[in-house]
Amino acid sequence: MIRTRFAPSPTGFMHLGGLRTALYAYIFAKKNGGRFILRIEDTDQERYVEGATKVIYDTLRGCGLDWDEGPDIGGDFGPYIQSERKSLYLPYAKQLIESGDAYYCFCTKDEVDERRKAAEERGEVFKYDKHCLSLTKEEIQAKLDAGVPYVIRHNAPTTGETTYHDLVYGDITTPNDILDDMVLIKQDGMPTYNFANVVDDHLMQISHVIRGTEYLSSTPKYNLLYKALGWDIPEYIHLPPVMRDQHHKLSKRDGDAYFSDFVSRGYLPEALINYLALLGWNPGDEREFFTLSELQDAFSVKGINNAPAIFDIGKLTWFNFEYIRRLPFDKYLEMATPWFEKALGKGRFDLKRLAELMQIRTEVFDRIPDMVRFLAEMPEFPDELYVNKKMKTNPEVALENLQLIKPVLEGISDWTETTIHDTIMPVIAEAGKKNGAVLWPMRIAISGKENTPGGAFEIAYLIGKDETMRRTDAAIARLVSKQ
RNA sequence: GGCCCCGUGGUCAAGCGGUUAAGACAUCGCCCUUUCACGGCGGUAACUCGGGUCCGAAUCCCGACGGGGUCACCA
């Protein structure tokens, strides 16, 4: 049975790198008919952030990454919150002490820190010197009885080397002499991440550990623990980091790395998931669009890349654009309406028609207001906008043609796109002019923008006859005054 | 600094000893078009460097350089 887990710590928000890890763990499990487990790693009491767990739930569910076992839904291997498992760890630590693979350490944190600092100043790599390993049984018991605070440390080997296999990185070999005697049980009785992780992954029968490469070099230490405890070592799938640029990891610090930020700006979770899936993995063929279930079918560990990948918001935006285009119209209208209203207020425009024009032009929802604001408020614009080489227009031509259509526009009583179109086009033809020579200036005159979501007729319809005449008159007046 | 990992266009990325070194995003140009967009066509742009091995290397080996990670009673 394939079992994977996503084990975030509730210390902040869900950032995109973490989401990608969760995604891979989810699709790998599902692809293989396995189970996806959610475990909250909150052994660091000081970093606990209220509400962070909910963010994790919301993000995962919002992306369709439903877990089969977890804190809120239970499962056969609970509890799924590490702090609630506190009492489980100590017996295993004691077992390691019995076998000589761990020992009590009474050195205080300050002492050790001081020695570490001194070593660093000498340019040396600090390793705990196993000082407390030499304590006799009696000495240990005496300190324990006296209530001297202690931690339990791993007794790591100092010679030889350790090799393990990673499904994406291959064999990783590390010399043992660099291994430090890491703390397994902290002074507060809580296990460290290092220890809790090993115990929990084993107890929860995790078959494949999927996580970031930051754990690549500490994995040998975990493997030593598995062996000392007599447990099977799980398969490892380490994932390269998602980078902001060549030098920096995409991190919580960047602020824009949060899933929730992208969603509130108008990125669709589906687009985010699709993009993230392809960041560091490829299906082996030319496909680019994947739903979650298609991802499950196509996924293969072989397709995971082992080099860091730089997060490219441009490509994400393209995916988002494509997903927005594919949205059912009603859904688009519903989602776009708040953004329309932000710039246009309520009830002044035919939002349905606007949405039809906007759907294929929306890259991200938060760009909508700037694109449509001109409908409510005529922007200032330079006369240069009347210049269009291909349409052969300039301010002079614009004035002439605006004057040509103004009375025609005035005479239209049934203000619909069709009527406006059918009334204006013959006039242009009769005057022997090119369509663009008339329609370009008209669009500029009533929109004041080089780019608009639709042509002259659509805009004229949207802003209504009165506003169209007002803007046309103003444009003519201005052009006249400059002659 | 020690140890580990990585190195194909601006970005993602195919490639597994012989290819005109794919494709996508971005970018540029052209066509279509009442604008933009969409669509169509085309262009610019890459194997970090140096040694090997081999008839032949982006592909294998070594080294250099560059980048990342890690060295906590954080996870």
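Values below: every heavy atom of this structure, side chains too, minus hydrogens, waters and symmetry copies.
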Worksheet item: Do A/Pro395 and A/Val387 have side-chain heavy atoms sitting under 4.5 Å apart?
Response: yes
Worksheet item: B/A46 and B/A13: how far apart are their C1' atoms, nearest whole angstrom?
Response: 12 Å
Fill in: Listed once per pair and sorted, the side chain to side chain donor-acceptor pair (under 3.5 Å) pairs that draw on residues 362-372 of chain A, sequence neighbours left out
A/Tyr332-A/Thr362, A/Glu363-A/Arg367, A/Asp370-A/Arg373
Item to complete: Starting at atom CD of A/Glu161, determine the distance to atom C1' of B/G2, rounded to an integer number of angstrom.
Response: 16 Å
Item to complete: In whole angstrom, give the distance that lies between atom CG of A/Asp188 and atom P of B/A75.
Response: 9 Å
Worksheet item: For A/Asp113 and B/C74, what is the distance between atoms CG and P respectively, to the nearest whole Å?
Response: 10 Å
Worksheet item: If you look at every strand shown and take non-hydrogen atoms under 4.0 Å, does A/Ile360 touch a base, only sugar-phosphate, or nothing?
Response: base
Practice prompt. Would you list the pairs meeting salt bridge (charged side-chain N to carboxylate O under 4.0 Å, His left out) in which at least one residue belongs to residues 117-127 of chain A, sequence neighbours left out?
Written response: A/Arg122-A/Glu124
Item to complete: In whole angstrom, give me the gap between the C1' atoms of B/C3 and B/A57.
Response: 30 Å
Fill in: B/A24 to B/A14 separation - C1' atoms, rounded to the nearest Å
11 Å
Worksheet item: Do A/Ser83 side-chain atoms and A/Asp42 backbone N/O form a donor-acceptor pair below 3.5 Å?
Response: no
Practice prompt. Not counting sequence neighbours, which residues clear side chain to side chain contact (heavy atoms under 4.5 Å, CB included) with A/Met391? List them please.
Written response: A/Asn388, A/Thr393, A/Trp440
Discussion item. In this structure, how many angstroms lie between the P atom of B/C12 and the CZ atom of A/Phe290, rounded?
Written reply: 18 Å
Worksheet item: Can you tell me how far P in B/C6 sits from the matching atom in B/G42, rounded to whole Å?
Response: 38 Å
Practice prompt. Would you kindly give the NZ-to-P distance between A/Lys186 and B/A72, to the nearest whole Å?
Written response: 15 Å
Worksheet entry | Side chains of A/Val199 and A/Pro191 in contact at under 4.5 Å (non-hydrogen atoms) | no
Item to complete: Report the residue (A/Leu279 or A/Asn451) whose heavy-atom-nearest nucleotide on RNA chain B is the more 5′ of the two.
Response: A/Leu279
Worksheet item: Can any side-chain N or O of A/Arg244 pair as donor or acceptor with the backbone N or O of A/Ile310 at less than 3.5 Å?
Response: no
Fill in: Side chain of A/Arg361 - closest among B/C12, B/C36, B/C38
B/C36
Item to complete: Ignoring backbone atoms, establish whether A/Asn282 has a side-chain N or O less than 4.0 Å from OP1 or OP2 of B/A14.
Response: yes
Item to complete: Starting from P on B/G15, measure out to NZ on A/Lys302 and report it in whole angstrom.
Response: 12 Å
Worksheet item: Base, sugar-phosphate, or nothing: which does A/Phe457 touch, judged by heavy atoms less than 4.0 Å apart?
Response: base
Worksheet item: Using a cut-off of 4.0 Å on non-hydrogen atoms, how would the nucleic acid contact of A/Asn305 be classed: base, sugar-phosphate, or nothing?
Response: sugar-phosphate
Worksheet item: By a strict heavy-atom criterion of less than 4.0 Å, which residues belonging to residues 381-400 of chain A are in contact with RNA chain B?
Response: A/Lys390, A/Met391
Worksheet entry | Set of residues satisfying salt bridge (Lys or Arg N to Asp or Glu O under 4.0 Å) with respect to A/Lys130, sequence neighbours excluded | A/Asp181
Item to complete: Remember a base hit wins even if backbone is also touched, and classify A/Ala456 as base, sugar-phosphate or nothing at under 4.0 Å, heavy atoms.
Response: base
Worksheet item: Whole-Å distance between B/A75 C1' and A/Ile56 CD1?
Response: 12 Å
Item to complete: Measure from NZ or CZ of A/Arg153 to the centre of the six-membered ring of A/Tyr128, then state whether that distance is under 6.0 Å and the direction lies within 45° of the axis.
Response: yes
Item to complete: Indicate the atoms forming the closest heavy-atom contact of A/Ala460 with A/Thr468, along with that distance.
Response: O-OG1, 3.3 Å
Worksheet item: Across the strands shown, which category fits A/Gly280 at heavy-atom distances under 4.0 angstrom: base, sugar-phosphate, nothing?
Response: sugar-phosphate
Discussion item. Just to be sure I follow the notation: if a pair is Watson-Crick (purine N1 to pyrimidine N3 plus N6-O4 or O6-N4) or a G-U wobble (N1-O2 and O6-N3), each under 3.5 Å, what dot-bracket string does RNA chain B give, with | for pairs to another strand?
Written reply: ((((((((.[[[..)..(....]]].(((((.......)))))....[[[[[..)....]]]]])))))))....
Fill in: Within 45° cone of A/Tyr267 ring axis and under 6.0 Å: A/Arg265 NZ or CZ
no
Fill in: Atom pair CG/CD of A/Leu399 and A/Gln403 - distance to nearest 0.5 Å
4.0 Å
Discussion item. What's the gap between B/G15 and B/U33 when it is taken at their P atoms, as a whole Å value?
Written reply: 42 Å
Worksheet entry | Residues from residues 104-112 of chain A lying under 4.0 Å of RNA chain B - heavy atoms | A/Cys107, A/Thr108, A/Lys109
Response to the item:
For A/Asp113, the salt bridge (Lys or Arg N to Asp or Glu O under 4.0 Å) test, sequence neighbours excluded, returns A/Lys109, A/Arg116
Discussion item. If you apply the rule ring pair (Phe, Tyr, Trp, His ring centres under 6.0 Å), what do you find for A/His15 with A/Tyr258, and how did you get there?
Written reply: CA-CA 4 Å; A/His15 71 105; A/Tyr258 297 142; 7.7 Å; no
Discussion item. Side chain to side chain donor-acceptor pair (under 3.5 Å) for A/Asp171 and A/Thr163? Distances and angles first, verdict last.
Written reply: CA-CA 7 Å; A/Asp171 288 334; A/Thr163 297; over 6 Å; no
Side-chain donor-acceptor pairs of residues 271-283 of chain A under 3.5 Å, sequence neighbours excluded:
from	atom 1	to	atom 2	distance (Å)
A/Asn274	OD1	A/Phe290	N	2.9
A/Asn274	OD1	A/Tyr323	OH	2.4
A/Asn274	ND2	A/Glu288	O	2.9
A/Tyr275	OH	A/Asp312	N	2.7
A/Tyr275	OH	A/Asp312	O	3.4
A/Trp281	NE1	A/Ser300	O	3.2
A/Asn282	OD1	A/Gly284	N	2.8

Fill in: A/Glu396 atom CD, neighbour heavy-atom count above 12 within 6.0 Å
yes
Worksheet item: With sequence neighbours excluded, what pairs up with A/Lys433 under the side chain to side chain contact (heavy atoms under 4.5 Å, CB included) test?
Response: A/Glu400, A/Asn401, A/Leu404, A/Ile428, A/Ala431, A/Val438
Discussion item. On RNA chain B, does the nearest nucleotide to A/Met182 precede the nearest nucleotide to A/Gly436 from the 5' side, or the other way round? Give the residue.
Written reply: A/Gly436
Worksheet item: Which is true for A/Thr173 with a 4.0 Å heavy-atom rule: it touches a base, it touches only sugar-phosphate, or it touches nothing?
Response: sugar-phosphate
Worksheet entry | Whole-angstrom distance between B/U59 and B/G50, as gauged at atom P | 12 Å
Fill in: Euclidean distance for C1', B/G40 against B/C47 (whole angstrom)
32 Å
For nucleotides 25-27 of chain B, give me every protein contact, N/O to N/O, under 3.5 Å, one pair per line with atom names.
none

Item to complete: Sugar-phosphate atoms are those with a prime plus P, OP1 and OP2; base atoms are the rest. Using that split, label each nucleotide of nucleotides 62-71 of chain B B, S or - for protein heavy atoms under 4.0 Å, 5' to 3'.
Response: -----SSSS-
Worksheet entry | Side chain of A/Asn194 (C-beta onward), nearest among B/G39, B/U34, B/A75 | B/A75
Item to complete: Take atom C1' in B/G39 and the same atom in B/C32, then report the distance between them in whole Å.
Response: 8 Å
Discussion item. Distance check, rounded to the nearest 0.5 Å: A/Met243 atom CE versus A/His248 atom NE2?
Written reply: 8.0 Å
Worksheet item: What's the CZ-P distance between A/Phe311 and B/A13, to the nearest Å?
Response: 13 Å
